[in-house]
Amino acid sequence: MSDSFRSFADSPVGPARSASAVVPSDTVPLARLPKALYVGGGGTIVLRAIDSTDDVVLSGIAAGSIVPVRAQIVRATGTTATQIVALC
């Protein structure tokens, strides 16, 4: 497959180049820092952003939302949203 944008540098604001399912965990950080999270099933996400020292609760996230946050960990405790995908 030809990629017309291959010569362009990747950046945090550019489109994702890979995606992987997120398994919320209270102890295990995400394998790669995402540019954003896609939420397939709405609810609440408890996460810690890359430059934060505390967790934050994002509630009322609608199904099909893209949350533009670079999360280092998505906690199992308190997270009710489902089908979360890390967009990297």
Side-chain angles (χ1 to χ4, degrees):
M1 166 184 335
S2 176
D3 182 359
S4 300
F5 302 100
R6 183 177 180 171
S7 63
F8 289 82
D10 193 20
S11 77
V13 295
R17 296 175 57 94
S18 68
S20 58
V22 171
V23 178
S25 171
D26 289 334
T27 58
V28 179
L30 300 176
R32 292 182 60 199
L33 287 170
K35 296 178 180 191
L37 299 174
Y38 169 80
V39 181
T44 297
I45 298 179
V46 179
L47 62 82
R48 183 166 299 173
I50 183 62
D51 291 330
S52 297
T53 56
D54 296 314
D55 292 347
V56 64
V57 177
L58 304 176
S59 58
I61 301 171
S65 294
I66 294 178
V67 182
V69 62
R70 301 200 66 210
Q72 61 179 306
I73 191 164
V74 174
R75 304 285 185 197
T77 301
T79 294
T80 61
T82 60
Q83 302 170 349
I84 303 169
V85 177
L87 303 174
C88 303

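In what follows, every heavy atom counts, from backbone to side chain, and hydrogens, waters and symmetry copies are set aside. Starting from 1, each residue takes its place in the sequence as its number.
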Side-chain hydrophobic cluster, 4.5 Å single linkage: members besides Ile84: Val22, Leu30, Leu37, Val39, Ile45, Leu47, Val56, Leu58, Ile61, Val67, Val69, Val74
Hydrophobic cluster of Val23, others only, ordered by chain and residue number, side-chain cut-off 4.5 Å: none
For [X], all residues meeting side-chain contact (heavy atoms from CB on, under 4.5 Å), sequence neighbours excluded:
| X | answer |
| --- | --- |
| Ala63 | none |
| Ala19 | Val85, Leu87 |
| Thr77 | Asp26 |
| Arg17 | Asp10 |

Check: Thr80 side chain, Thr44 main-chain N or O, donor-acceptor pair, under 3.5 Å: yes
Side-chain donor or acceptor of Lys35 paired with backbone N/O of Pro15 under 3.5 Å: yes
Asp54 side chain reached by Ser52 side chain, heavy atoms, under 4.5 Å: no
Residue pairs, two or more places apart or on separate chains, that pass salt bridge (Lys or Arg N to Asp or Glu O under 4.0 Å) and touch [range]:
| range | result |
| --- | --- |
| residues 56-67 | none |
| residues 79-88 | none |
| residues 79-88 | none |
| residues 77-88 | none |

Non-neighbouring partners of Arg48 that pass side-chain hydrogen bond (donor to acceptor under 3.5 Å, both in side chains), sequence neighbours left out: Asp55
Those residues that, when tested against Ser18, pass side-chain hydrogen bond (donor to acceptor under 3.5 Å, both in side chains) (two or more places apart): Arg32
Heavy-atom pair with the smallest gap, counting every atom of Pro34 and Ala86: CB-CB, 3.9 Å
Thr27 to Arg75 - nearest heavy-atom pair and separation: N-NH1, 4.4 Å
